[in-house]
Amino acid sequence: MREITKITCIGAGYVGGPTMSVIAHKNPNIKITVVDLNSARIAAWNDENLANLPVYEPGLDEIVRDARHRNLFFDTDVERAIDEADMIFISVNTPTKTYGKGKGQAADLKYIELCARQIAAVAKDDKIVVEKSTLPVRTAAALKNILDNTGNGVNFHVLSNPEFLAEGTAVSDLLNPDRVLIGGDDEVAIEALVKIYRSWVPEERILTTNIWSSELSKLVANAFLAQRVSSINAISELCEVTGANVDEVSRAIGYDSRIGSKFLKASVGFGGSCFQKDILNLVYIARTYNLHTVADYWEQVILMNDHQKSRFAEKIIQTMYNTVNGKRIAFLGWAFKKDTNDTRESAAIYVADYLMDEEAQVVVYDPKVSDNQIYSDLVSLGTRSLEEIKRLVTIVNDPYDAVGDAHAVAILTEWDEFKTYNWNKIKGEMKKPAFVFDGRKLLNNIEMNKLGFEYYAIGE
Ligand code: NAD
Ligand code: UGA
């Protein structure tokens with residue numbers, strides 16, 4: 001196998017962009033081209049003003065500044081990039097199917113298959129094809145089949161190399177990963193990929209497994225993480241009725257080194273593009289093998305999460321004398337977590353929808369999410385026209401514009417800046433009683449009560 005000097009990544013999204021930027025930053029001798037069909041996204045990756053990169057991640061601008069135009073390139077010419085690469089990462093989206101068999105559960109692999117067919121059609125020499133996208137276990141076999149049967153007689157080696165970065169901390173996760181996982185059955189191809197990561201990842205953190213274990217481990221890692229959030233959220237409801245405090249319970253159990261302290265923060269519900277999608281996929285796979293008890297077990301993680309989101313919305317309505325009709329409710333935060341502009345599956349979308357059903361007037365402020373994104377998230381629910389949404393939802397660029405005259409404030413994302421606001425001033429500008437519903441347990445109960453708020457937080 002020849003030395004890897006050129007890498008192409010298909011998909012310049014939240015994973016492809018940051019991952020390839022870090023690989024390029026750490027491997028200045030390898031030329032990396034990230035391609036995407038979305039020309040606006042590629043233009044944004046090439047924008048000289050680094051504030052306009054399509055993905056907001058702390059520290060990403062510095063990494064891109066270092067490598068871009070040196071050995072990191074963003075382009076729309078997919079065929080040329082495939083042709084010249086020794087190694088091709090596939091990092092396209094794998095959403096939940098919205099049609100046909102497996103609708104609402106299975107992963108939609110149409111983008112993956114298109115990539116495979118395009119690679120097969122273009123490749124004129126041997127390639128290592130790396131699954132970076134999250135895929136159902138055994139996808140590599142389908143990928144290899146398409147590559148071998150539609151290709152030009154060249155050799156393809158398929159590896160699985162799932163990504164474990166979390167949004168908001170993508171750069172530090174990539175620079176200092178807990179582990180890098182590589183699954184495959186060809187020692188030479190595996191070594192070629194290990195060598196790239198070895199530039200900065202300690203050898204003992206680079207795990208190699210068979211390809212099916214690698215594919216399945218990615219789904220299982222997300223399922224376990226989401227399960228912890230649903231578990232603590234289930235306990236948050238119990239805390240609210242018993243007088244226990246969920247943060248204290250988390251701390252008490254988290255000190256047990258067998259349980260560990262991470263991922264025990266109760267919230268309005270997990271969001272993000274992957275937890276729900278990957279668990280649904282796991283459930284679907286279990287069902288296709290007739291493992292219904294296994295499928296039911298994991299499905300419960302999603303049901304609990306849905307319950308947590310609607311429970312939060314119901315709490316707002318019930319507390320405000322069972323009606324929010326015409327009442328102004330200020331949403332602080334729309335992103336699915338802090339330090340990202342990503343809103344996919346954000347709890348805020350579902351809470352807003354619930355309150356809009358009750359004719360509330362929702363006013364949204366988020367430091368990083370654009371107006372268009374918020375409206376498009378609500379339109380994509382398919383429950384209302386844009387005109388109807390605009391009648392009920394206003395978006396503002398200054399948090400104090402959101403809270404002025406509000407009947408209630410609802411905290412949906414844990415942005416640090418919300419803690420630094422002048423809450424005394426906010427209280428003065430709100431309608432009374434001034435309700436605060438804290439879906440992230442971000443503020444201090446005692447201080448908020450002292451300021452005169454009617455303060456309700458998840459799990460206390
Ligand atoms: P994304 O939607 O942000 O990016 C995917 C990109 O692929 C899009 O820009 C799309 O235009 C492009 N694309 C699709 N088909 C293409 C084709 N045939 N040719 C060229 N470009 C094409 O998705 P993402 O968040 O980057 O996720 C990608 C994969 O990584 C998913 O499987 C996801 O589950 C997984 N993943 C995501 C995260 C995360 O934090 N977002 C973390 C780990 C793993
Ligand atoms: C998650 C995983 O953490 C990554 O390892 C994985 O690579 C990624 O999914 C993926 O496959 O896409 P991400 O969704 O970006 O990363 O962010 P997380 O930090 O995991 O948060 C997910 C959701 O859970 C957020 O809405 C967050 O607010 C919520 N959460 C997280 C809690 O409510 N409580 C917690 O204690 C932790």
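Numbers for residues simply follow the sequence, beginning at 1. Whatever order the structure lists them in is the order used to number ligands and atoms, beginning at 1.
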Which atoms from ligand 2 have a heavy atom of Leu225 less than 4.0 Å away?
->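 Listed by number with element: 2 (C), 3 (O).
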With a cut-off of 4.0 Å, which atoms of ligand 2 are near a heavy atom of Lys218?
-> 6 (C), 7 (O), 10 (C), 11 (O)
Closest by any non-hydrogen atom to [atom]: pick that one out of [options].
atom	options	result
atom 10 (C) of ligand 1	Asn38, Asp36, Val34	Asp36
atom 32 (O) of ligand 1	Val35, Thr94, Leu114	Thr94
atom 29 (C) of ligand 1	Asn93, Val92, Thr340	Val92

Protein residue, atom and distance nearest to [atom], heavy-atom basis:
atom	result
atom 35 (C) of ligand 2	Lys265 O, 3.6 Å
atom 31 (C) of ligand 2	Phe263 CE2, 3.6 Å
atom 1 (P) of ligand 1	Arg41 NH1, 3.7 Å
atom 22 (C) of ligand 2	Phe275 CE2, 3.6 Å
atom 37 (C) of ligand 1	Val15 CG2, 3.1 Å
atom 12 (O) of ligand 2	Cys274 SG, 2.7 Å
atom 4 (O) of ligand 1	Gly13 CA, 3.3 Å
atom 25 (O) of ligand 1	Arg344 NH2, 2.9 Å
atom 39 (C) of ligand 1	Glu167 OE2, 3.3 Å
atom 24 (O) of ligand 2	Phe270 CB, 3.3 Å
atom 7 (O) of ligand 2	Leu165 O, 2.7 Å
atom 19 (O) of ligand 2	Lys337 NZ, 2.7 Å

Backbone or side-chain N or O of Ser91 under 3.5 Å from ligand 1 N or O = no
Provide the number and element of each atom of ligand 1 under 4.0 Å from a heavy atom of Leu37.
-> 16 (C), 17 (C), 18 (N), 19 (N), 20 (C), 21 (N)
Quick one: which ligand 1 atoms are inside 4.0 Å of a heavy atom on Lys218?
->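 Reading through ligand 1 atom by atom, the close ones are 43 (C).
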What do we get for Arg440 next to ligand 2 when only non-hydrogen atoms under 4.0 Å count, side chain, backbone, both or neither?
->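 Within the 4.0 Å criterion, Arg440 contacts ligand 2 through side-chain atoms alone.
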What part of Asn222 sits under 4.0 Å from ligand 2 if we count only heavy atoms: the side chain, the backbone, both or neither?
->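 Only the side chain of Asn222 comes within reach of ligand 2.
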Please determine whether any non-hydrogen atom of [X] lies less than 4.0 Å from an atom of ligand 2.
X	result
Ser267	yes
Thr134	no
Lys338	no
Lys262	no

For Lys277 and ligand 1, answer yes if some heavy atom of the residue is under 4.0 Å from a ligand atom, otherwise no.
->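 It does; at least one heavy atom falls under 4.0 Å.
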Do NZ/NE/NH1/NH2 and the carboxylate oxygens of Asp75 and Arg80 come within less than 4.0 Å?
->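 Looking at Arg80 together with Asp75, the answer is yes, because their closest N to O distance falls below 4.0 Å.
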Do [X] and [Y] get their side chains close enough for a donor-acceptor pair, meaning under 3.5 Å?
X	Y	result
His25	Glu62	no
Asp377	Thr343	yes
Asp173	Thr169	yes
Asn341	Tyr14	yes
Tyr456	Asp438	no

Decide yes or no for Glu460 and Glu240: does some side-chain heavy atom of the first lie under 4.5 Å from some side-chain heavy atom of the second?
->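 No, too far: nothing below the 4.5 Å cut-off.
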